[in-house]
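For reference, the structure is listed below as structure tokens.
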Amino acid sequence: MRIILALLLLFSVSLNSQSIYPQDYFSSPLDIPLVLSGTFAELRSNHFHSGMDIKTQQRTGLKVKASASGYVSRIKVSHYGYGKALYITHPNGYTTVYAHLNKFGPEIERYVKKLQYEKESYEIETFPKPDELLVTKGNIVAYSGNSGGSGGPHLHFEIRDNAERPINPMLFGIEIQDSKLPTITSIYAYPLDDNSYVNNSHNKQNLRLIPLKNGDYTVENIKAYGKIGIGITTWDRQDLAANKNGVYNIQTFVNGSKNFELDFKRFSFDETKHINQLIDYNLFKTKRQRVQKLFRINNPLSIYKDLNKDGVLSIEDSTYAVYKIKVSDFKNNTSWVTLSIKGEKNKAINTALKSKTPYFIYADKSTVLKEKNITVDVFPNTFYEGFYMDFNVNADTLKLHKDIIALKKNIKIAYDISKYKPEDKNKLYIARLSGYKKTPYYSFTKRDGDTLTSYTKRLGTFALASDEEKPTITPINLKKGQWLSKYRYLKIKINDEVSGISNYRATVNGKWILMEYDYKTKLLTHDFNDSIIVDTKNNLKVIVTDNVGNSSTFETTFYRK
């Protein structure tokens, strides 16, 4: 204990003075061979992946150990996102993160449960003092799980620097077996202004990719003129898993000279949203294809390195250029792509069709769009580039372009509901219409008098919707008057098919009890080992409320001794 406290006094060491990442300082958080389902900085929806996802052999409950000595600096329990997450700060200034946990180690679990009962809330976030929860390297601090937004049992593991920037854990000597070359699946060419074209077209071109026997690729020769950008779809696969993971580094060269690099070594959470400008957002939304643009346009990401004219190619008439792409994984397995470009100016080109509307959105200015009872506020610097917005109102349905343009910040949508009857207003909410059937999905809605507002970071179609249905509450393992002495858990299923669950509260004999909510299974679970329920006869009451205020109550009696 004294040794750990002494180490904590050295916490002021600056990471900026370190030229390399410490090796052998952090150990694996699991006692099983490390096989990944997700790698650092791989492309996810609206963000880069901030750690490594370690497979837990399709099980929960594996022992999670402190990767290094330090103290628990943050604990967060939430229904979504990281679920149950633990943060340990170390004397060298780094912080390790362990997420999607099933439960915490005994001392930490008692600490968390005490706080949950004090606050009468399953969801908590707390920042323990440096001397409250000390841990030693190798100590069991948690058990792996599937909580929060996890798509299956695994451990999400991160290493962050003292500026809270996540860093690739493999840089610290955590080994993953990988001898396979990255795979490239598509190459695109983008004319970047009205005077540029590829293969006699202003439109982006999906180029024919030709695999070679040595694992490299070539691309069918193209003719181009003007300012051109190249995009790539690529992924990496490691030795012990079939998952398609992200790559570590992408570089491009023109006639042997380097002109662009994407270095997926470290990023900040403030910038991760700009992934939507790194990829071809239109292609992602329409075809679920993540094409990384190997050129930069109005994108502040820090992962760009060694840019020459932002990676944009300036192709002149009667010239030849050889463009090469080098794609590497962390183990430096490397695949090359070679593209030959002939510069050829040609007046007979296929002109790109541009749709114009009465509503042009300037990227650096605010815009207010208003029609009938709907107002849309677009704030300055919401978009990366200006464009013509397709804005239309039909009754209470708002068409706000298509979801094919990336946003940097939220747009505000407001509905005037004064025309509705007073008894109907409380049931209204703003919904996003999605899919072929235009199914309404609840968008977080606030009401101020006769105005409903919602914020969205996606374009698309929105409408007013109404929810008059109460949530359902279904007991899973108890009946009225049942004895539950031999049961470890009390389980109840809750659901709301329209606007969704907003909150819930459970009491026994008038006393609040902790019930963990798993939105994926819709289960509320109480652990009798909390020792809160001590009476023989117990009156259970569960109240569940949806997002527009509809409420249901379930009451029953059970016995336990």
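For this chain, numbers begin at 1 and follow the sequence in order.
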Tell me whether the NZ or CZ atom of [X] lies within the 45° cone about the ring axis of [Y] and under 6.0 Å from its centre.
| X | Y | result |
| --- | --- | --- |
| R488 | F528 | no |
| K537 | Y559 | no |
| K119 | W512 | no |
| R288 | F284 | yes |

Please find out if less than 6.0 Å separates the ring center of [X] from that of [Y].
| X | Y | result |
| --- | --- | --- |
| F269 | H47 | no |
| Y519 | Y80 | yes |
| H156 | Y82 | yes |
| F157 | Y98 | yes |
| Y517 | Y504 | yes |

Side-chain donor-acceptor pair present, [X], [Y], cut-off under 3.5 Å:
| X | Y | answer |
| --- | --- | --- |
| N102 | N146 | no |
| D270 | S268 | no |
| N539 | T557 | yes |
| D239 | S179 | yes |
| S45 | R290 | yes |
| D467 | S499 | yes |
| Y117 | D530 | yes |
| S302 | E271 | yes |
| E158 | S50 | yes |
| R432 | T456 | yes |

Between [X] and [Y], what is the shortest heavy-atom contact and its length?
| X | Y | value |
| --- | --- | --- |
| I374 | A395 | CD1-O, 4.5 Å |
| D377 | I411 | O-CG2, 3.5 Å |
| I501 | V544 | CD1-CG1, 3.5 Å |
| T56 | R59 | OG1-O, 2.7 Å |
| L407 | I405 | CD1-O, 3.2 Å |

Are [X] and [Y] packed together at the side-chain level, in the sense that at least one heavy-atom pair is separated by less than 4.5 angstrom?
| X | Y | answer |
| --- | --- | --- |
| D178 | D236 | yes |
| L400 | T461 | no |
| T95 | I159 | no |
| D535 | V508 | no |
| E175 | K331 | yes |
| K408 | N381 | yes |
| N550 | K427 | yes |
| F330 | N168 | yes |

If you measure from [atom1] on [X] to [atom2] on [Y], what distance do you get to the nearest 0.5 Å?
| X | Y | atom1 | atom2 | answer |
| --- | --- | --- | --- | --- |
| L428 | Y420 | CG | OH | 6.0 Å |
| D263 | I303 | CG | CD1 | 8.0 Å |
| L62 | L101 | CG | CG | 11.5 Å |
| K55 | L34 | NZ | CG | 12.5 Å |
| S37 | E42 | OG | CD | 8.0 Å |
| F554 | I473 | CZ | CD1 | 8.0 Å |

Please work out whether the ring planes of [X] and [Y] are parallel, tilted or perpendicular, with thresholds of 30° and 60°.
| X | Y | result |
| --- | --- | --- |
| F172 | F26 | perpendicular |
| Y25 | H90 | perpendicular |
| Y122 | H79 | parallel |

Whether over 12 other heavy atoms sit under 6.0 Å from [X] [atom1]:
| X | atom1 | value |
| --- | --- | --- |
| K480 | NZ | no |
| D24 | CG | no |
| K409 | NZ | yes |
| K541 | NZ | no |

